[in-house]
Amino acid sequence: MEINNLKIAELLRKIAICYSVLDEKKHFFRISAYERAADSIEYSSKEIRQIWKEGELDKVAGIGRGLSKYLDELFRKGRSMHFDKLLSKVPEGVFELMKVEGVGPKSAYKIIMELKLEKKKDIFESVEKAANKGEIAKLDGFGEKSEREILKGIESLENRKEKGKRMLLSTGLNLAEGFVGFLKEDNSVKSVDVLGSLRRKMSTVGDIDISVITSSASEVIERFCKYNKVTRVLDKGDKKASVVIDGLYRVDLMVQDEDSYGSLLVHFTGSKNHNIALREYARRNRMSVSEYGIKNKGKIEKFKNEKGFYKYLKMEWIPPELREDGGEIEAALEKKLPELVKLLDIKGDLHIHSNFDIETSHDLGTSGVGEIVDEAVKLGYKYIGFSDHSPSVSNHTQRDVLELLKRRKEYIDKESYSFVKSGKIRVFNMLEVDIMADGSLSINDKCMDFLDGVIASIHSSFRQKRAQMTKRVVSALSHPRVKIIGHPTGRLLGEREGYDLNWDEVFDRAVKNDKAIEINGYPMRLDLVDYLVKEAVGKGVKLVIGSDSHDKWGLFNMRYGVYVGRRGWAEKADILNCMSYNKFKLWLNS
DNA sequence: GCCGTTTTCGGCCCGACTGTTTTCAGTCG
């Protein structure tokens, strides 16, 4: 397995931990340099190894001469003397034990070294044993309470079947909605907002952040901790509280007065790197930023809303989805932020599966064409496309396929007749065709001629090498009847990593052949991935957002696709299904 | 260890909460 960005980021974080264990004071800034380099690499849209091959390592943000040298050695020899030397000083169990809530590098190191657990295989079991004997409470700086908290932390970690698993954006938004409703029942609550990665609409989120304006903070914090899903209270203070819900997910509450609420919104919407970049910018201009306001010449300037906050820093208001320190601060200063695509800009949905049995080997939808069209009309769409999976290759001749397609078209026409006739909506007869292992397509040209448009997607042979995968996608992009590449990385969040393609080649071909790349809004896919959307937009690639719905409610997933587009800096003009019916049809037929 | 509309040297984001303390260290976001 070749070393990838995530692994490099993990390694650098481990090195940072080594430094803080060994002598945090001495290495204070070195530690944050390693952490920032790790973040930068983890969120890089390109593999760092590739960048190294091209000799551009020192152009990556957060990587300078020192890290370039170590990474160069790592890539050439598979290991770096410098990293290995540091790692050898800190037992592996330290990194494991740090997964426990409230246990950081110092505590983990101290427990393991003082109790001589460095050679133990199951560190959690060994620490549990020691804690039950009261050995941890005896250590300097620990007590009975912290011993109990560590035991609780290990227990809750082991209750979680998959440790550290992030939740889907859709799951997080739904859970947060429950909390918001509950908090709003309190009369003293003036306003509730969902912040953090949920507000930035990241495709997966690790926790839920909620903020409240209230006249009685302690009452609201009490109420928050008593919500029926809360299984554990982690922290509870005057201004904030943290709980675990369903034994799985962390929820943080922040309380603030109305006067400083704008600063709080900025602070807890983040991301961390956006905040750091904001503060560095403020510092360069002799100001200081916190969740209470902006300190200028010894006086704190307060802000009721975010617009005022950013304006004071001479910036445009930055949409939450862009707050990732990906150039948004520079753009906001120059007043050149993009006008991001909105859900209301979407005129049609082209990726919809019906329940018409077309004898496919993949999953069928569960709603009929009639009820789906009805729902689409209610959503205000001007056009939709039915894109069922193509019939299975092994069980059908191409003549069978054409026959099935004809029957399906009759069914679609009949079911949508009244809607189309009344002029409410137009319907495209499309298909989601498989890109086979050799790059050919699962139906022949004659069948494709029968359709209004083709989405081509990979549904098999996911483990091919990068070059072969790229060849498959590029050959589909070169087929005259294929207009859209569906869910281009094939990832399934929490289940399957996406395949890596040579994106430069794919995007260049898409532009050259006037094809579109799909942003799939199915919550588990959200694919094309946001940072690749940004790359694509930068190269002028046309995009289509599709819900990939398998029933009429699935049409609502369009919003998640739009969020991904927004995170990728996409404007209305980048998304083809923001065009009118006539323009879209013209493109489809071109 | 990184980085430059004050700087190739001398800075480096800010604050809450907890536990074990007797003024603070560790952890977290």
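These values consider heavy atoms only, across backbone and side chains, with no hydrogens, waters or symmetry-generated copies. The shown structure was predicted, so the numbers you read here are calculated from the model rather than taken from an experiment. Every chain is numbered from 1, with letters handed out A, B, ... down the list of sequences.
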Point to revise | Atom pair distance, as rounded to whole Å: CG in A:Leu71 and P in B:dG1 | key: 12 Å
Exercise for review: Write down the distance between CD (A:Glu24) and P (B:dA25), rounded to a whole number of angstrom.
Suggested key: 11 Å
Exercise for review: Take the protein atom CG of A:Asp209 and the nucleotide atom C1' of B:dG29, then report the distance between them rounded to whole Å.
Suggested key: 8 Å
Check your understanding: Which part of the nucleic acid does A:Asp238 contact within heavy-atom distance under 4.0 Å: base, sugar-phosphate only, or nothing?
Key -> sugar-phosphate
Exercise for review: Check each residue of residues 28-40 of chain A for a non-hydrogen atom within less than 4.0 Å of any atom in DNA chain B, then write out the ones that pass by number, or none.
Suggested key: A:Phe29, A:Arg30, A:Ala33, A:Tyr34
**Study point:** A:Thr489 and A:Asp527: side chain donor to acceptor below 3.5 Å
**Key:** yes
Check your understanding: Is the shortest side-chain N/O distance from A:Lys145 to OP1 or OP2 of B:dG19 below 4.0 Å?
Key -> yes
Review point. Within this structure, what is the NZ-to-C1' distance between A:Lys240 and B:dC14, rounded to whole angstrom?
Key: 10 Å
Study note, to complete from the structure: Heavy-atom nearest nucleotide on DNA chain B taken for A:Arg65 and for A:Val103; more 5' hit belongs to A:Arg65
Check your understanding: Where the side chain of A:Lys106 is defined as all heavy atoms beyond and including C-beta, which of B:dC17, B:dA16, B:dG26 is the nearest nucleotide?
Key -> B:dG26
Review point. Pick the nucleotide of DNA chain B nearest each of A:Lys239 and A:Met287; which residue has the one closer to the 5' end?
Key: A:Met287
Review point. With sugar-phosphate meaning primed atoms plus P, OP1 and OP2, does A:Lys272 contact a base, only sugar-phosphate, or nothing at under 4.0 Å between heavy atoms?
Key: nothing
Practice item. Determine, for nucleotides 5-11 of chain B in 5'-to-3' order, which nucleotides have protein heavy atoms under 4.0 Å from the base (write B), from only the sugar-phosphate (write S), or from neither (write -). Key: -B-----
Review point. Looking at A:Glu147 and A:Lys145, does any basic side-chain N land under 4.0 Å from a carboxylate oxygen?
Key: no
**Study point:** Candidates B:dG15, B:dC28, B:dG26 - which lies nearest the side chain of A:Glu101
**Key:** B:dC28
Check your understanding: Are OP1 or OP2 of B:dC28 and a side-chain N or O of A:Ser242 less than 4.0 angstrom apart?
Key -> no
Review point. With under 30° as parallel and over 60° as perpendicular, where do the rings of A:Phe83 and A:Tyr34 fit, or are they tilted in between?
Key: perpendicular
Practice item. Quick one: label A:Tyr70 by what it contacts on the DNA or RNA (base, sugar-phosphate, nothing), any heavy atom closer than 4.0 Å. Key: sugar-phosphate
**Study point:** A:Asp252 CG to B:dG15 P, straight-line distance once rounded to whole Å
**Key:** 19 Å
Practice item. Please work out if A:Arg250 contacts a base, only the sugar-phosphate, or nothing of the nucleic acid, heavy-atom cut-off 4.0 Å. Key: sugar-phosphate
**Study point:** Protein-nucleotide distance (A:Leu264, atom CG; B:dG29, atom C1'), rounded to Å
**Key:** 12 Å
Practice item. Return the value, rounded to whole Å, for the distance between atom CG of A:Asn296 and atom P of B:dC14. Key: 13 Å
Point to revise | Value in whole Å for how far the P atom of B:dC14 lies from CG of A:Leu278 | key: 12 Å
Check your understanding: Is A:Arg491 close to A:Val529 at the side-chain level, that is, under 4.5 Å between some pair of heavy atoms?
Key -> yes
Review point. With a 4.0 Å cut-off on heavy atoms, is A:Glu144 in touch with a base, just the backbone sugar-phosphate, or nothing at all?
Key: sugar-phosphate
